[in-house]
K.L.:
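Quick one: this structure, given as C-alpha cells, is what I'll be asking you about.
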Amino acid sequence: MPRRLRLISGLILFSYVVTHFLNHSLGIVSIAAMEAMLSVVYPIWSYPPVTFVLYGALVIHMTLALYALWQRRSLKLSRHESVQYVLGFSVPLLLAEHVTNTRIDAAFYGGDFGHYKYLLSALWYGHPEKGVLQMALLLAAWIHACIGLRFWLRVQPWYDTLQPLLFAAALLMPVVALIGYVAGGREVGVMMAQDPGYVARLLAAQPPPVARPALLIIAWGIRFAFLGAIVILLIARMVRHEWWRRKGVARISYPDGRSIEVVHGFTVLEASRLLGMPHAAICGGKGRCSTCRVHVRAPSGALPEPGSEELHILRQIGSPPGVRLACQLRPHASVEVVPLLPAFASARDALRRSIYAPGGERQIAVLFADIRDFTHVAETKLPYDVVFLLNRWCEAMAEAITSAGGRVDKFMGDGVMALFGLQTEGPKACRQALAAARYMSTQLVVLNEALPPDLSAPLAMGVGVHFGPAIVGDIGVGEWRSLTAVGDTVNTASRLEALCKVYDCEVVVSDDLIACAAAELQDARPQEVEIRGRSAPLIIHTFKSARDLPFGSEQTVGARVSAA
C-alpha cells in the first residue's frame, strides 16, 4: 500500500509539473498565450477539492519518501537512487518560498499571483536569483519524477520499444519550457523599455509589505521542519541499527564464497549492495520486477513468509519452491543465496517465467534431427542457396515440433534439438514426441516438393527420440541465457539420431519412450545396442519412415498432428 500511494501521489504531482512546463513553453508565442492557458489551468488547480488532492499528494509523497528512507536498512544506494533521493528531498526546500509567496499570500493576504506578467517581472527583474531557484525547482522535480517513472515503467514489455520516444519527451519538455520562460522574460524587458517604472510599481504591491515578514517566517519554518524530520529520522535509524545488532546478526553467503553479516531486518538486496556484490534490480528494489530473485538455502524458520506483493510476482513468473525476491527477503538467520539472473538483466528477463531457473530434474522426451549428407549438398551450392535451404528446413521442423506441443531447444547448423514434457507428464510428452517426428517427416516430403529441381537428390533426415531423466534449467549468461536440458537422456537421443545412418532408416526410438507412450507396435523387432557413454545396453526400434511411427494409447495429439 505505501508503494501504491507513493506512485499515485507522484503521478498527481507529475501532472501538475507537466501543466507548468506546457504553460511556460507558450512563452515562445507570447505572454498573452501563457495567460490564456493559465486562465484555463489555474481555476482547475485552485478549485478547493483539486487543491486538497494536490497538496494532500504533496504531503503524502514527502511522508512516504521519509518512510522509504526509514525502511531501508542500508544507505548504500545505486547512482540513480542517490540522484532521485537528493533531488526529491531538495524539492520541499526549493518549493517552500514559492508556495508561501503565491498560494499562502493569495489565501491569507489578498495577493494576486495568477498572472504571468507579475511572475516573470518578479523573477526576471525583481529577484533574478529567485528565478534561478524556480527553474532549479522545476528541473529537480522533473528529473526526480522521470527517474521514478523509469523504475516503474521499464519492467513493462513495451518499454524498450517506446523508450526512445519517452526519452525524447523527457529531454524536450524542460528545454522547451525554459525557452518559453526566457522568451517571456525578454517580452517583459520590452515592456520595461516602454515604461521604466512598470516593474518597480508591480513589485511594490506584491506581496503586500505587511505580509512579507510572516511569509518569510512560514517559508523558513517549512524548510526547518522538513530538515528536522530528516535529522530525526537519521538518528532514529542509528538507534534502531544498534538495537537490531544487540538482537543478533544473520550471515548471507554467496556462490563465490563471499559472505556478509547484517543485522536482522536487512534485505538480501541491501546486503548485496553493502558487500559490493553486483545484483540486478531494474525496478530499484521496489518489488515490482523479479530480476533480483535468488534461490535460497536456509534452515527451517530462517525465512519469513513472502508478503502479498512478493507472492504475486513469484506466482506470475512461476517460481519453484526456494526462490524469493532479494529486495523483499529479510532473513532471520544465516542463509545461502544464489542470484538467478545476471547483474545486467533486462526487463525481458524479469518477465520470463523461471520455473526451471535454479535447475531441476524432470522426466522429458528429447528429439534430435539432422539433415543427411548436407555437407555434400552445401559443397555444390552457392552460400545464398545453402542458407535458403537451411532456413526453409528449420521453419518446417519448428512448425512440426511446436504444433505437437514441444519446444525447439536449439538449431545446430543442419540439426535441431527439441524437448517435450517441460509442462506435461511423461506419457503425454512421449506421445507428443512421436507425433512431432511423424509431422516432421510429412513436412520434409512437402518441402522436397517445393524445393528447386536442381537438387541432386531430395533432402533426407535422421531422427532420434529418447525418454528419461534430465537436468532442466536456464543455462548461459545475459542475452545468451536460455532454458535447456543436459544429461544422459540428451546424449542418448543424440546417439540414436546418429544410428539412423547405421540402420539406414529415418528414425530410431528407444524402447523406454515407446513403453512410456503405451504405443502398440505391430511386427516389432526391438534391437539391443551399445550406446557410447552408457554402461548398460539400450533397446531401440527403427522405422524406415517416421510416418510409420505408432500412436500412443491416447491418440488425440498424434491424430491431430498427423492430420495436419
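Only a predicted model underlies this, so the values are computations on that prediction, with no experimental measurement involved. Atoms considered below: every heavy atom in the structure, side chains included; atoms not considered: hydrogens, waters and symmetry mates.
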K.L.:
As a quick check of understanding, evaluate side-chain contact (heavy atoms from CB on, under 4.5 Å) for V509 and V463, giving each step before the final call.
P.N.:
CA-CA 8 Å; V509 184; V463 180; over 6 Å; no
K.L.:
Taking atom NZ as the centre, does K410 end up with more than 12 heavy-atom neighbours from other residues, nucleotides or ligands that are less than 6.0 angstrom away?
P.N.:
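Result for NZ/K410: enclosed.
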K.L.:
Working to the nearest 0.5 angstrom, can you tell me the gap between R324 CZ and T267 OG1?
P.N.:
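Taking CZ in R324 and OG1 in T267, the distance rounds to 12.0 Å.
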K.L.:
Do K544 side-chain atoms and D504 backbone N/O form a donor-acceptor pair below 3.5 Å?
P.N.:
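The answer is yes, because a donor-acceptor pair under 3.5 Å joins these two groups.
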K.L.:
Are any of the side-chain heavy atoms of Y254 and V337 separated by less than 4.5 Å?
P.N.:
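Y254 vs V337: side chains touch.
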K.L.:
Can you name the nearest heavy-atom pair linking L303 to A298, along with the distance?
P.N.:
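Looks like CG-CB, 4.0 Å.
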K.L.:
Closest heavy-atom contact between G421 and Q432?
P.N.:
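Heavy atoms only, the tightest pair is N-OE1, 4.5 Å.
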K.L.:
Look only at the side chain of H61 and the backbone of R6, and say whether a donor-acceptor pair between them is shorter than 3.5 Å.
P.N.:
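Yes.
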K.L.:
List the atom of T489, the atom of G468, and the distance in Å for their closest heavy-atom pair.
P.N.:
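In terms of heavy atoms, the two residues are closest at OG1-C, 3.2 Å.
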K.L.:
Are the side chains of S545 and E506 in contact, using a 4.5 Å heavy-atom criterion?
P.N.:
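SC-SC contact between E506 and S545 confirmed.
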K.L.:
With rounding to the nearest 0.5 Å, note down the distance linking CD1 in I514 to CD1 in I539.
P.N.:
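Atom-to-atom, I514:CD1 and I539:CD1 are 12.0 Å apart.
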K.L.:
If only atom types and distance count, is the side chain of T19 paired as donor or acceptor with the main-chain N or O of Y16 below 3.5 Å?
P.N.:
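Yes, T19 side chain to Y16 backbone: donor-acceptor pair under 3.5 Å.
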K.L.:
Taking NZ, NE, NH1 and NH2 as the nitrogens, is one of them in E497 or R372 under 4.0 Å from a carboxylate oxygen of the other?
P.N.:
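Salt bridge flag = yes for R372 with E497.
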K.L.:
Do the rings of Y384 and F388 sit parallel, tilted or perpendicular, given the 30° and 60° boundaries?
P.N.:
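Rings of Y384 and F388: parallel, under 30°.
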K.L.:
Answer whether the closest heavy-atom distance between the side chains of M440 and L367 falls below 4.5 Å.
P.N.:
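Yes, side chains in contact.
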K.L.:
Taking CG in N391 as the centre, count heavy atoms belonging to other residues, nucleotides or ligands within less than 6.0 Å. Is the count above 12?
P.N.:
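Yes.
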K.L.:
Judged by atom type as modelled, is there a donor-acceptor pair below 3.5 Å linking the side chain of S334 to the main-chain atoms of R251?
P.N.:
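Checking the backbone N and O of R251 against the side chain of S334, a donor-acceptor pair under 3.5 Å is found.
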K.L.:
Quick check: closest heavy atoms across A170 and C146, and the distance to 0.1 Å?
P.N.:
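Nearest heavy atoms, A170 then C146: CB-SG, 3.9 Å.
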K.L.:
Does D370 use its side chain to pair, donor to acceptor, with the backbone of G462 at less than 3.5 Å?
P.N.:
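Checking the backbone N and O of G462 against the side chain of D370, no donor-acceptor pair under 3.5 Å is found.
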K.L.:
Between H144 and Q84 (side chain of the first, backbone of the second, donor and acceptor by atom type, cut-off under 3.5 Å), is there such a pair?
P.N.:
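Side chain of H144 to backbone of Q84, a donor-acceptor pair under 3.5 Å: yes, one is there.
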K.L.:
Report yes if the side chains of H466 and L538 come closer than 4.5 Å at any heavy-atom pair, otherwise no.
P.N.:
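Yes, side chains in contact.
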K.L.:
Side chains of Q328 and P306: closer than 4.5 Å at any heavy-atom pair?
P.N.:
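The answer is no; the side chains never approach within 4.5 Å.
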K.L.:
Any side-chain heavy atom of P304 within less than 4.5 Å of one from L329?
P.N.:
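Heavy-atom side-chain distance check passes, below 4.5 Å.
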K.L.:
For I147 and Y85, what are the C-alpha separation, side-chain angles and deciding distance, and is it a side-chain contact (heavy atoms from CB on, under 4.5 Å)?
P.N.:
CA-CA 10 Å; I147 294 174; Y85 268 104; over 6 Å; no
K.L.:
Could you report the tightest heavy-atom contact between A519 and L434, atom names first, then the distance?
P.N.:
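Taking A519 first and L434 second, the nearest heavy atoms are CB-CD1, 4.4 Å.
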K.L.:
For the atom pair CD1 (I260) and CZ (R273), what is the distance rounded to the nearest 0.5 Å?
P.N.:
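One gets 13.0 Å once the value is rounded to the nearest 0.5 Å.
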K.L.:
I need the minimum non-hydrogen distance between A250 and P331, along with the two atoms involved.
P.N.:
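Looking at all heavy atoms of both residues, the closest pair is CB-O, 4.2 Å.
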K.L.:
How long is the straight-line distance from OG1 of T492 back to CD1 of I531, given to the nearest 0.5 Å?
P.N.:
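Taking CD1 in I531 and OG1 in T492, the distance rounds to 6.5 Å.
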K.L.:
Go through it in stages, so that I can follow the logic: the residues are F266 and I252, the test is side-chain contact (heavy atoms from CB on, under 4.5 Å), and I'd like the CA-CA distance, side-chain angles, deciding distance and then a yes or no.
P.N.:
CA-CA 10 Å; F266 265 70; I252 300 176; 5.7 Å; no
K.L.:
Hey, are the side chains of F420 and R431 touching, using non-hydrogen atoms and a 4.5 Å cut-off?
P.N.:
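Answer no - side chains too far apart.
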K.L.:
Counting only N and O atoms by type, is there a donor-acceptor contact under 3.5 Å from the side chain of H279 to the main-chain atoms of C292?
P.N.:
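Answer holds: yes.
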K.L.:
Of V465, N491, V490, D409, which is the lone residue that meets side chain to side chain contact (heavy atoms under 4.5 Å, CB included) with F368?
P.N.:
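Among V465, N491, V490, D409, the one that satisfies the side chain to side chain contact (heavy atoms under 4.5 Å, CB included) with F368 is V490.
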K.L.:
Do V445 and R547 have side chains that approach each other closer than 4.5 Å (heavy atoms only, starting at C-beta)?
P.N.:
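The answer is yes, as the side chains (C-beta and beyond) meet within the 4.5 Å cut-off.
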K.L.:
Relative to the ring of W142, is the ring of F21 parallel (under 30°), tilted (30 to 60°) or perpendicular (over 60°)?
P.N.:
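Ring orientation, 0 to 90° scale: tilted.
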K.L.:
Drop me the distance from L390's CG to F374's CZ, to the nearest 0.5 angstrom.
P.N.:
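With rounding to 0.5 Å, CG (L390) is 3.5 Å from CZ (F374).
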K.L.:
Yes or no on side-chain contact (heavy atoms from CB on, under 4.5 Å) for I540 and Q527, after CA distance, side-chain angles and deciding distance?
P.N.:
CA-CA 5 Å; I540 63 170; Q527 304 178 60; 4.2 Å; yes
K.L.:
From R438 CZ over to D548 CG, what is the distance, rounded to the nearest 0.5 angstrom?
P.N.:
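Going from the CZ atom of R438 to the CG atom of D548 covers 10.5 Å.
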